[in-house]
Amino acid sequence: ALQAVTGESMQNEGPIWSVLPPNGDIYPEELTLDPLERMVLYTDAEWTALKRFGPWHPWYCLTHTTGMGALAFNGTQRLACCGEASAEVVNSLKTRETQITALELLAVAGALCTFAASLAGRDLILFCDNQSVCAALAKGASRALDLQLFTTAVHGLCHRWRINVWVEWVPTKGNPA
C-alpha cells in the first residue's frame, strides 16, 4: 500500500501509523520501521530549458534537461543512480507546459527498478520534492493518462516486490538526490 503525507518529516524511531480506507472505513495499520530493515529513498528530476543547443546524441531531448537521480540507504547500504529521459520518452508524454511531474514519477519508477534487489520485501520511506507526485502516489490516480500510467506502474512495482511505501514530501533544497 502506498501512503503519503506532506509537511513535517516523520520521526526516525517507533511505529508509524498509516490510514488505509478498505471498504470506505478507516483502520490504522502499523508500518514497522526497523532501522536495518527499512530503506530511505530520495528521488529527483529536472526539466529546465536549455540555454544553448549543442551537438548531442539524437536520443536526448534537445530543448530541455531531463536528468533524474536517486539515493537509497539504510544502516548498512548506500546506493545511488542517475539517468536521463530520452527524447522518445519525453515526446510520448501529453503536451503540457512543463513535464516535471511526469519526469519525477519516472524517477521514482526508475529508482524502484534500479534498486529492486535491495528494496524487495522492505519498508520504504520515499522522499520526493514534487507535491503533485506525492498526491498521485497516495491516491493512486491522476487525471492525465500518461501520469496515471506512471502512477499505476509504481504501485505495480511495489506490489510485485512487496515494498511497503510511505511517501513524504521534502523541500527541494532538502532533497539530496
Side-chain angles (χ1 to χ4, degrees), residues 1-6 9-23 26-46 66-86 88-89 92-93 100-142 145-170 174-177:
L2 290 170
Q3 299 101 22
V5 64
T6 57
S9 297
M10 297 171 11
Q11 294 180 4
N12 292 332
E13 310 242 347
I16 300 300
W17 291 92
S18 59
V19 178
L20 303 174
N23 302 325
I26 297 176
Y27 298 96
E29 180 178 301
E30 187 173 321
L31 175 64
T32 306
L33 292 178
D34 178 345
L36 295 179
E37 291 301 316
R38 72 171 174 243
M39 293 290 287
V40 174
L41 174 64
Y42 286 87
T43 63
D44 203 5
E46 84 175 302
T66 60
M68 294 175 277
L71 300 171
F73 55 89
N74 68 4
T76 59
Q77 296 183 65
R78 307 282 184 269
L79 308 167
C81 68
C82 63
E84 187 166 359
S86 69
E88 182 178 16
V89 169
S92 72
L93 299 171
I100 190 61
T101 302
L103 294 177
E104 294 269 6
L105 280 166
L106 185 59
V108 172
L112 291 175
C113 291
T114 301
F115 303 141
S118 295
L119 299 177
R122 292 182 186 257
D123 291 334
L124 175 67
I125 305 171
L126 168 64
F127 289 95
C128 178
D129 60 11
N130 186 298
Q131 291 184 356
S132 296
V133 169
C134 291
L137 292 175
K139 292 187 306 184
S142 174
L145 179 59
D146 55 348
L147 302 181
Q148 177 61 52
L149 293 173
F150 286 137
T151 301
T152 301
V154 169
H155 278 257
L157 293 171
C158 290
H159 177 74
R160 177 180 184 182
W161 293 316
R162 302 170 330 279
I163 301 170
N164 189 19
V165 181
W166 178 279
V167 180
E168 176 96 13
W169 176 80
V170 63
N175 188 347

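Every heavy atom of this structure was used, including side-chain atoms; hydrogens, water molecules and symmetry mates were not.
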Qualifying residues under side chain to side chain contact (heavy atoms under 4.5 Å, CB included), relative to [X], sequence neighbours excluded:
X      : result
Cys113 : Leu157, Trp161
Glu46  : Thr48, Thr65
Ala136 : Thr151
Ser86  : Glu88, Val89

Original post:
What distance separates Thr101 OG1 from Leu106 CG, expressed to the nearest 0.5 Å?
Top reply: 12.5 Å
Subject >> CG-CD distance between Asp129 and Glu104, expressed to the nearest 0.5 angstrom >> reply: 5.0 Å
**OP:** Mind jotting down which residue pairs meet the salt bridge (charged side-chain N to carboxylate O under 4.0 Å, His left out) criterion with at least one end in residues 156-166? Sequence neighbours excluded, please.
**Re:** none
**OP:** List for me each residue that meets salt bridge (Lys or Arg N to Asp or Glu O under 4.0 Å) alongside Asp146, sequence neighbours excluded, and say none if there are none.
**Re:** Arg96
**OP:** Just jot down the side-chain hydrogen bond (donor to acceptor under 3.5 Å, both in side chains) partners of Thr66, sequence neighbours excluded, or say none.
**Re:** Glu84
Original post:
Listed by chain and number, what are the side-chain hydrogen bond (donor to acceptor under 3.5 Å, both in side chains) partners of Ser132, not counting sequence neighbours?
Top reply: none
**OP:** Would you confirm whether Asp44, through its side chain, and Pro176, through its main-chain N or O, come within 3.5 Å as a donor-acceptor pair?
**Re:** no
**OP:** Please check if the side chain of Glu168 supplies one atom and the backbone of Phe127 the other of a donor-acceptor pair under 3.5 Å.
**Re:** no
Subject >> Residue list, ring pair (Phe, Tyr, Trp, His ring centres under 6.0 Å) with Phe150, at least two apart or on another chain >> reply: none
